[in-house]
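Written below as C-alpha cells is the structure these notes are about.
The shown structure was predicted, so the numbers you read here are calculated from the model rather than taken from an experiment. In what follows, chains are A, B, ... by sequence order, proteins preceding strands, each numbered from 1. Excluded from the calculations below are hydrogen atoms, water molecules and symmetry mates; all remaining heavy atoms, backbone and side chain alike, are included.
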Amino acid sequence: MEGESEKQTKCTLPNLGIRRDFFQNYYSAHGRSFPWREASASPFGILVAEILLKQTYAGKVANVWPSLIARYPSAGEMAAADPDELLKSVSELGFGNQRTSALLALSSAIRHTEEPLSVDPGDLIKLPYVGVYTAHAVACFAYGQRFPIVDLSIVRTISRVVGIRPPKDIRRATEVWNIAWSLLPWRRFKEHNYGLLDFAAAVCKPRSPSCIECPIAAKCAHGRHVTINVSESQHRRVDRL
DNA sequence: GTCCCGGTTT
DNA sequence: AAACCGGGAC
C-alpha cells in the first residue's frame, strides 16, 4: 500500500491549486463536532455511526447515537439485542428495518473478532453492509490509517472543482478516487477527511452551493462559472473573488 | 461497471 | 415522479 499511495500522490493529476492543508484548516475553523468524532468513540461505535449516517442528516444521528452506544457498547451486546428494541432505538431515523438488520448482521459478524477489526479497508469491506466508503471511513476515522473517503457529497465537490460531470455510478468513480488520493495530505488526514465532508455539507451543497462566499471558488470550475454569471447579472465586478 | 433495492425527501 | 445513498448482486 505504501507504493501505491506514493504513486497516487506523486502522479500529477490535475493540480487543483488547492492547498494541501485547506480542508484541515477548514475543519479546524468550521468543522462540525459529533459524538462519534470524539477521541473516546470506539471503533465499533464509529462503525455503527457510519451505518446510521447513510441517507440521514448527521444531526439526527447525533440524537440517537449516544444512547444507542451506551446500551450496546460492543458488537457482542448489539448482536444479542432484542430486534424490536433495537428497531425502536433507531426508528426515528427512518429506514428502521434496513438499519436494524444491518446492525444485527454486522454486529454478529464481528461478535467474536478482537480489536482491531482490521486496519485494512480490503478486509473491512468483506463485512456485511460495509462497502468501499464505509471501509475507508473506518480505516481512517477508527484506526488512523491514511485513506481517502469518497461519498456522494465528495464526488459532487470534486466534480465541481475539476469541472467534470459526476459519473453515472458515483461510487466506483476511479477518477474521483484518484483525485481524492492526490488531495490527501500526509498528516492530519483524519481532519482533512472530516473537513472535506463538512465543507461539502456546508458550502458545496447539492442545491444552492455558496459559491459567492466559497474560499476556493477561484480554483473551482463551477465556482468560476457562477461567479461570472453573478457579476454579469449584477453588472459589476465581484472583486473579492 | 451497471443495475437493483429500500424508505425518505423534494 | 424523481432524486437520494451506499451495499450487494450480477
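- Scanning for side chain to side chain contact (heavy atoms under 4.5 Å, CB included) contacts around D82(A) gives D84(A), E85(A), with sequence neighbours left out.
- For S118(A), the side chain to side chain contact (heavy atoms under 4.5 Å, CB included) partners at least two apart in sequence or on another chain are D120(A), D123(A), L124(A).
- Using modelled atom types and a 3.5 Å distance limit, the side chains of S28(A) and R188(A) yield a donor-acceptor pair.
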Only distances under 3.5 Å count here; give the side-chain donor-acceptor pairs of residues 153-163 of chain A to other protein atoms, sequence neighbours excluded, each with its distance to 0.1 Å.
{"residue": "S153(A)", "atom": "OG", "partner": "D151(A)", "partner atom": "OD1", "Å": "2.9"}
{"residue": "S153(A)", "atom": "OG", "partner": "D151(A)", "partner atom": "OD2", "Å": "3.4"}
{"residue": "R156(A)", "atom": "NE", "partner": "C204(A)", "partner atom": "O", "Å": "2.8"}
{"residue": "R156(A)", "atom": "NH2", "partner": "A200(A)", "partner atom": "O", "Å": "2.9"}
{"residue": "R156(A)", "atom": "NH2", "partner": "C204(A)", "partner atom": "O", "Å": "2.9"}
{"residue": "T157(A)", "atom": "OG1", "partner": "S153(A)", "partner atom": "O", "Å": "3.0"}
{"residue": "S159(A)", "atom": "OG", "partner": "V155(A)", "partner atom": "O", "Å": "2.7"}
{"residue": "R160(A)", "atom": "NH1", "partner": "C204(A)", "partner atom": "O", "Å": "3.4"}
{"residue": "R160(A)", "atom": "NH1", "partner": "K205(A)", "partner atom": "O", "Å": "2.8"}
{"residue": "R160(A)", "atom": "NH2", "partner": "K205(A)", "partner atom": "O", "Å": "3.1"}
{"residue": "R160(A)", "atom": "NH2", "partner": "P206(A)", "partner atom": "O", "Å": "3.0"}

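- Applying the ring pair (Phe, Tyr, Trp, His ring centres under 6.0 Å) test to F34(A) and every residue at least two apart in sequence or in another chain returns W36(A).
- Relative orientation of the W177(A) and H136(A) rings is tilted, given thresholds of 30° and 60° on the angle between their planes.
- Taking the 5' to 3' direction, DNA chain B first and last meets chain A under 4.0 angstrom from a heavy atom at dT2(B) to dT10(B).
- Applying the salt bridge (charged side-chain N to carboxylate O under 4.0 Å, His left out) rule to pairs touching residues 47-57 of chain A yields nothing, sequence neighbours excluded.
- Atom CG of N63(A) is separated from atom CD of E92(A) by 5.5 Å, given to the nearest 0.5 angstrom.
- Between the side chains of Y26(A) and E191(A), no donor N or O sits under 3.5 Å from an acceptor N or O.
- With sequence neighbours excluded, the residues that form a side chain to side chain donor-acceptor pair (under 3.5 Å) with S74(A) are E77(A).
- Partners of L152(A) according to the side chain to side chain contact (heavy atoms under 4.5 Å, CB included) rule, which considers only residues two or more places apart in sequence or in another chain, are I170(A).
- Interface residues of residues 49-62 of chain A facing DNA chain B, ordered by number: Q55(A), Y57(A), K60(A); criterion, heavy-atom separation under 4.0 Å.
- Shown for residues 86-101 of chain A: residues whose heavy atoms fall under 4.0 angstrom of DNA chain B, namely G94(A), F95(A), Q98(A).
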Which pairs, protein N/O on one side and nucleotides 8-10 of chain C N/O on the other, fall under 3.5 Å?
{"residue": "dG8(C)", "atom": "OP1", "partner": "Y129(A)", "partner atom": "N", "Å": "2.2"}

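- For residues 21-45 of chain A, the salt bridge (charged side-chain N to carboxylate O under 4.0 Å, His left out) pairs, not counting sequence neighbours, are R19(A)-D21(A), R32(A)-D198(A), R37(A)-D198(A).
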